[in-house]
Number of protein chains: 2
Amino acid sequence: MTDTESGSAQPAPQKRADARRNQQRLLDAAAAAFITSGVDAPVRDIATKAGVGVGTIYRHFPTRADLIVAVYRHQVEACAEAGPTLLAESSTPHTALARWIDLFVDFLVTKHGLAEALQSDDAAFENLHPYFLDRLVPVCAQLLDTAATAGEIVRDLDAYELLRGVGNLCIGAGNDSRYDARRLVALLIAGLRLR
Amino acid sequence: MTDTESGSAQPAPQKRADARRNQQRLLDAAAAAFITSGVDAPVRDIATKAGVGVGTIYRHFPTRADLIVAVYRHQVEACAEAGPTLLAESSTPHTALARWIDLFVDFLVTKHGLAEALQSDDAAFENLHPYFLDRLVPVCAQLLDTAATAGEIVRDLDAYELLRGVGNLCIGAGNDSRYDARRLVALLIAGLRLR
DNA sequence: GGTTAAGCGGAACCATGTTCCGTATCGTCT
DNA sequence: AGACGATACGGAACATGGTTCCGCTTAACC
């Protein structure tokens, strides 16, 4: 699926074996660290866990966002691909939209601190926006548009704004039993409905 | 209103003049710094702007939250007091609720980074939650309860959750013209309505 | 085995928050 | 006025975490 190896022509000079090995170790260590300490686990910790020096982490993943993207790429892809599927399988476009948003929320609340990072304007996370947005906004837009065309929801909200809103609502879910992000997201989606 | 001076008895030994002067300077400098650099403006910057040493800032405001609270206390009070007033003046409880939430949103989006800080689990901001919540949750609860009793909105959402949700939605407003927190908050409030 | 460039490690540097203590100043008492 | 103790001050020193850089290692190829 990705553009690594077996590509069209020459531009893949095949990295050295130790480089590939270290990259994998870093991904594993980062995934583990993200679970225990959240997505802003100290760089040194991740490097130590992977048994490499800090320099190596920066060589493979220049910014923290690159590392996060690499770790979660599969899941984001899965979420993106679920959009059309749900649209085909659900009884109404609004149902599909609601279910898809559920997937998105699940993804965010299970990754400690990811929602925060996504909204943060910290330079380290800057590349996170483009990646998530490029991949998910079109999917969400299609769901919104289909539902709007079916006359189920209001028209004047674009996918970007909705995704950011949902992402924002997910901030701090998980840390606080009195706050249930899913319920608020559900209210937001309910607010979209035409009455 | 506050419990400073002219109190009941002995426990106010009257601070030294330079201490009071520095405290005021710090408040002014912090207010200015918060506008230009957000609520996490570097401690040293604020101290320099106020013409004092960093030690002085910590003596007067042990945590950043204390400083933020001191700077914005008036406005939080005003917001809290507006609750009953709106309830008395508005045509319906739901209108009062919507207007009050508007005030709250206005407050948050005009203070660069305050919404972020409010939701952050950073230890430095820990005292921010109690203050805001103690002051505003009861007000919001009364608005919610009145509207629910009037049969205008759903019952199963408590004030804490709503305020956190609205606070979350305000994160990053102001930095991004494509994201309009007010619109999403309005949708959320719309989602509360019984239909 | 010899050569070379990709890759590595981690010391060093920078930015920030936080603590601590020697010194300066205030307020008061004589 | 002068002295004295308590209060408050400043900023150096320390802690933490991100980021850079360069001398050394080693995989890959001849």
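To find a chain, count down the sequence lines: A is the first, B the second, and so on, and within it residues start at 1.
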Neighbour count >12 (heavy atoms, 6.0 Å) for atom CD, Q75(B): yes

- prompt: Rounded to the nearest Å, what distance is computed from the CG atom of residue D18(B) to the P atom of nucleotide dT28(C)?
  reply: 13 Å

- request: Take atom CG of D66(A) and atom C1' of dG18(D), then tell me their distance rounded to the nearest Å.
  value: 15 Å

query: Of all the choices, dC9(D), dA5(C), dG9(C), which nucleotide is nearest to the side chain of R16(A) once you look at every atom?
result: dA5(C)

Distance in Å, D40(A) CG paired with I68(A) CD1, rounded so as to fall on 0.5 Å steps: 8.0 Å

query: Has the side chain of R59(A) got a donor or acceptor atom sitting under 3.5 Å from an opposite partner on the base of dG7(C)?
result: no

field: Atom pair distance, as rounded to whole Å: CZ in R44(A) and P in dA11(C)
entry: 10 Å

query: Is there a donor-acceptor pair under 3.5 Å between the side chain of N168(A) and the backbone N or O of I171(B)?
result: yes

task: Nearest whole angstrom, please: distance from the P of dC9(D) to the CG of L26(B).
output: 9 Å

statement: Judged by nearest nucleotide, the residue sitting upstream toward the 5' end of DNA chain C, K15(A) or V54(A), is K15(A)

message: Heavy atoms from C-beta onward define the side chain here; which of dC8(C), dG10(D), dC26(C) lies closest to that of A19(A)?
response: dC8(C)

message: Nearest whole Å is fine: how far is dG17(C) P from F125(B) CZ?
response: 9 Å

query: Base, sugar-phosphate alone, or nothing: which one does R64(B) contact when heavy atoms must sit under 4.0 Å apart?
result: sugar-phosphate

message: So, OP1 or OP2 of dC9(D): does either fall under 4.0 Å of a side-chain N or O from H60(B)?
response: yes

message: What is the distance, to the nearest angstrom, from the CZ atom on R20(B) to the C1' atom on dC9(D)?
response: 16 Å

message: Taking 4.0 Å as the cut-off, does a side-chain nitrogen or oxygen of N22(B) come that near to OP1 or OP2 on dC9(D)?
response: yes

query: In whole angstroms, how far is the P atom of dT16(C) from the CD1 atom of I46(B)?
result: 12 Å

- prompt: Can you check whether T56(B) has a side-chain N or O nearer than 4.0 Å to OP1 or OP2 of dA8(D)?
  reply: no

statement: Among the nucleotides dG18(D), dG7(C), dG27(C), whichever has the atom closest to the side chain of P42(A) is dG18(D)

query: Below 4.0 angstrom, N of the basic side chain to O of the carboxylate: do E77(B) and R135(B) qualify?
result: yes

statement: Atom CG of D45(A) and atom C1' of dG18(D) are separated, to the nearest Å, by 12 Å

- prompt: Do the charged groups of R64(A) and D122(A) touch, with an N to O distance under 4.0 Å?
  reply: no

